[in-house]
Amino acid sequence: MSTAPSPGPAATPATNPVPLPAVEPDAATLARAAERAAGEALAPSAAHRLADVVPAPQRVQPDPTGDWTLPAEAVIVASPDPAALAVAEQLAGLLRPATGYPLPVTDAAAPAPVDGIALVLDETAADLGAEGYRLDVTTNGVRVTAVTATGLFHGVQTLRQLLPAAIESPTPVTERWAVPGGTITDAPRFPYRGAMLDVARHFFAVEDVLRVVDHLARYKLNHLHLHLTDDQGWRIAVDSWPKLTTVGGATEVGDGPGGFYTKADYARIVSYAAARHITVVPEIDLPGHTNSALVAYPELAPDKIAPPPYTGTEVGFSYVDPADDRTYDFIADVLGELAAITPGPWLHIGGDEAFKVKGEVYTGFVERVQRIVAGLGKTVVGWHQLAPAAHVDGRVLQWWGTNGEDPTTVEAVRQGARLIVSPGNHAYLDMKYAPDTPIGHDWAGLIDVRKAYEWDPGTHVTGVPAEAVLGVEAPLWTESVTSLADIEFLLLPRLPAIAELGWSPRATHDWAGFRDRLAGHGPRWATAGIAFHRSVEIPWPARPTTPVPATRQPAGDAQLPLGSDAG
Ligand code: TNX
């Protein structure tokens, strides 16, 4: 890539020559100047193109005469709006650790890049839509324009990928912070782009969930679905039914201690996600997958006898009593408390694998719960098993089948339901990559990166028109997942594949191109200390672009040196 010459005296290699101080500079200043000069002397560490972005942008117009290098004096200037300024602070927070630059944030009525970065809210740019953005890189700097702070946030994620991989370093590194010139105009294909984390089979600390939120944000996903309850554990505090967590939360698959989120914990996850323009979708799985609730409150069980706690991995044996009004009081209390701490519009009521609640008893149960959700002012989401129950306004079905033929779901869509598409054999992140993948399932087949990428949410379910598809979600069930490193190993590199299906226009879909763009993310993850699976399908660069030690040891096969051919 060619890099535009920096403005400044021709004889000085540094972009921003340090003015001669009147007094002797201190050692730190000298060190800093030397580091900067060294940085300027370096060529950009990897050939970097404006189109090297995941998910692929709608439109990319490179302009090599507009290449720009972030200088140490750069200022980030944003429209005088609290949400836009918050994005500007987030951008500064992303860039400061690796660059070591101060990157002050200011506001201006009409922000313009003056050898810096401008984040511009522009209500007249309505063609960009609620989440879209335009990113212009010129020799003056970078301008991100959007109608909303969400659009600015997505534009910032793109900018982050246009900088060298070393930008992911948690500590300052010597690098020329070059950004390729040109314009990106971008907006999502689907409004709902999500991932699900099952915190019930194994419990994960708030910190781990926040880190998953970071991964979602990086790839412009905007929903985090939390599977909060299952046979093996109840993970969300409900004040009116306290034993759900004190008793029902004390187990998990295997011998682990389980755990649960207090309402304050949950609020922390919700607000951390909201700050990253991600909506939390909480799921209480009903009427099946409820053994942990029955252990805590046997009155909910059909025989009113407490079952033993369950820490295995079978499904479909437990259910709350659909014939007892007390069950619906329980559900109204639980969903009421959950709705009160959930700012997003959705409540997910599960509905899958309730093998012992059949026919009209099942549909009657679901219809009653759907009415409770509507009464709380929320929109119901459920697994596609909900389909035969009567339609309620706005309801969304999450389709997790493994072949795209499903007349019952098609009929529900005809009545007005919208679909989140999560095909078990493409989008399930708990499926193994290959037969020798050490964790994960294979009941829906093996899902390598190509399999995760090669399908179309818009046409996947026969008879469901693309207009009825709200979006796509990648679920991660955690029967065999016990640590953050395990989560990251299964998430990366498949999550970006699903993210691209949700965000990018179909016309950009291209496995060979995706594989090449994705390859550049290995060094980013390695530099940030994020574990990932070094799939043999991806042409990872031979070694990290910058020899920066990561803060933590990546787990899984990411411990192999980059470029090893282990798969
Ligand atoms: C099926 S997918 C389930 C989950 C399991 C998962 C394992 C769905 C709605 N139900 O209970 O954890 O398979 O892949």
Side-chain angles (χ1 to χ4, degrees), residues 54 89-91 93-98 153-154 156-157 160-161 165 167-171 193-228 235-236 252 256 259-262 264-282 429-430 439-440 473-478 480-499 521-533 548-559:
V54 177
E89 288 293 355
Q90 287 169 316
L91 172 60
L94 289 173
L95 304 184
R96 281 178 193 140
F153 184 82
H154 293 321
V156 159
Q157 300 310 316
R160 185 180 186 187
Q161 293 187 24
I167 200 64
E168 299 293 337
S169 169
T171 52
R193 306 172 306 280
M196 186 205 81
L197 182 64
D198 169 9
V199 295
R201 269 53 177 273
H202 280 99
F203 179 67
F204 296 94
V206 172
E207 296 299 333
D208 295 345
V209 180
L210 303 189
R211 183 145 157 137
V212 170
V213 168
D214 288 337
H215 300 337
L216 267 55
R218 222 180 242 276
Y219 297 105
K220 303 186 175 78
L221 295 166
N222 62 355
H223 287 83
L224 173 68
H225 169 184
L226 288 176
H227 183 76
L228 289 168
R235 308 298 179 208
I236 181 69
E252 63 185 349
F260 65 90
Y261 305 124
T262 63
D265 290 337
Y266 180 79
R268 202 173 145 220
I269 294 169
V270 165
S271 75
Y272 188 91
R276 284 147 191 83
H277 303 267
I278 290 170
T279 302
V280 170
V281 181
L429 298 177
D430 57 314
I439 52 173
E473 186 180 292
L476 178 55
W477 302 99
T478 59
S480 68
V481 176
T482 59
S483 66
L484 175 65
D486 287 354
I487 291 175
E488 291 181 337
F489 171 81
L490 291 171
L491 231 59
L492 301 170
R494 291 182 293 194
L495 186 71
I498 303 297
H521 291 244
R524 286 171 195 275
W525 299 327
T527 304
I530 300 167
F532 65 103
H533 170 55
V548 179
T551 44
R552 58 187 284 279
Q553 268 298 324
D557 53 7
Q559 272 168 337

For the residue pair Y219 and H521, does the interplanar ring angle fall in the parallel (under 30°), tilted (30 to 60°) or perpendicular (over 60°) class?
tilted
D265: which residues meet the side chain to side chain donor-acceptor pair (under 3.5 Å) condition with it, sequence neighbours left out?
T262
For the CG atom of L429 and the CD1 atom of I498, what is their distance to the nearest 0.5 Å?
6.5 Å
Is there a side-chain contact between V199 and T478, using heavy atoms and a 4.5 Å cut-off?
no
Please step through side chain to side chain contact (heavy atoms under 4.5 Å, CB included) for the pair T482 and E252, ending with a clear verdict.
CA-CA 10 Å; T482 59; E252 63 185 349; over 6 Å; no
Do you know which two heavy atoms are closest between A195 and L495, and how far apart they sit?
CB-CD1, 4.0 Å
Go through I487 and L476 one step at a time and tell me if the side chain to side chain contact (heavy atoms under 4.5 Å, CB included) criterion holds.
CA-CA 8 Å; I487 291 175; L476 178 55; 3.8 Å; yes
Separation of I439 CD1 from D430 CG (nearest 0.5 Å):
10.0 Å
Residues at least two apart in sequence or cross-chain that pass salt bridge (Lys or Arg N to Asp or Glu O under 4.0 Å) with R201, listed by chain then number, are D198, D230, E479
Side-chain contact test, heavy atoms from C-beta onward, threshold under 4.5 Å: evaluate it for Y266 versus I236 and give yes or no.
yes
Before you tell me yes or no, could you show the steps for R211 and L484 under side chain to side chain contact (heavy atoms under 4.5 Å, CB included), namely the whole-Å CA-CA distance, both residues' side-chain angles and the distance that decides it to 0.1 Å?
CA-CA 9 Å; R211 183 145 157 137; L484 175 65; 3.6 Å; yes
Between P496 and P493, the two heavy atoms sitting closest are CD-O, 3.2 Å
Can you measure from CG (N222) to CZ (R193) and round to the nearest 0.5 angstrom?
4.0 Å
Listed partners of F204 passing ring-ring contact (aromatic ring centres under 6.0 Å, His included), at least two apart:
none
Residue set satisfying side chain to side chain contact (heavy atoms under 4.5 Å, CB included) with V213, at least two apart, ordered chain then number -> L224, Y272, A273, R276, I278
Can you list the residues that meet the side chain to side chain contact (heavy atoms under 4.5 Å, CB included) rule with S483, with sequence neighbours excluded?
A485, D486
Going by side chain to side chain donor-acceptor pair (under 3.5 Å), name the residues that satisfy it together with Q157, two or more places apart in sequence or in a different chain.
R160
CG of L492 to CZ of R524: how many Å apart, nearest 0.5 Å?
13.5 Å
Mind checking side chain to side chain donor-acceptor pair (under 3.5 Å) for R268 and listing every partner two or more places apart, or none if nothing turns up?
E207
Straight-line distance of L210 CG to H215 NE2, nearest 0.5 Å:
11.0 Å
Looking only at heavy atoms, the pair that brings P97 and P170 closest together is CB-O, 3.5 Å
Please confirm whether the backbone N or O of F489 pairs with a side-chain atom of H533, one donor and one acceptor, at under 3.5 Å?
no
Does any part of the side chain of L491, heavy atoms only, come nearer than 4.5 Å to the side chain of F532, both counted from C-beta?
no
With sequence neighbours excluded, tell me which residues meet ring-ring contact (aromatic ring centres under 6.0 Å, His included) with H277.
F153
Does E473 have any side chain to side chain donor-acceptor pair (under 3.5 Å) partners at least two apart in sequence or in another chain, and if so, which?
Y192, H225, Q398
Residues which pass ring-ring contact (aromatic ring centres under 6.0 Å, His included) with Y261, listed by chain and number, not counting sequence neighbours:
F203
Note, V281 side chain near L226 side chain (heavy atom, < 4.5 Å):
no
Whether S480 side chain and G440 backbone form a donor-acceptor pair below 3.5 Å
yes
What residue pairs, at least two apart or across chains, pass salt bridge (charged side-chain N to carboxylate O under 4.0 Å, His left out) with a residue in residues 216-228?
E168-R218
Output all residues satisfying side chain to side chain contact (heavy atoms under 4.5 Å, CB included) with T279, sequence neighbours left out; order by chain, then residue number.
H223, P345, W346
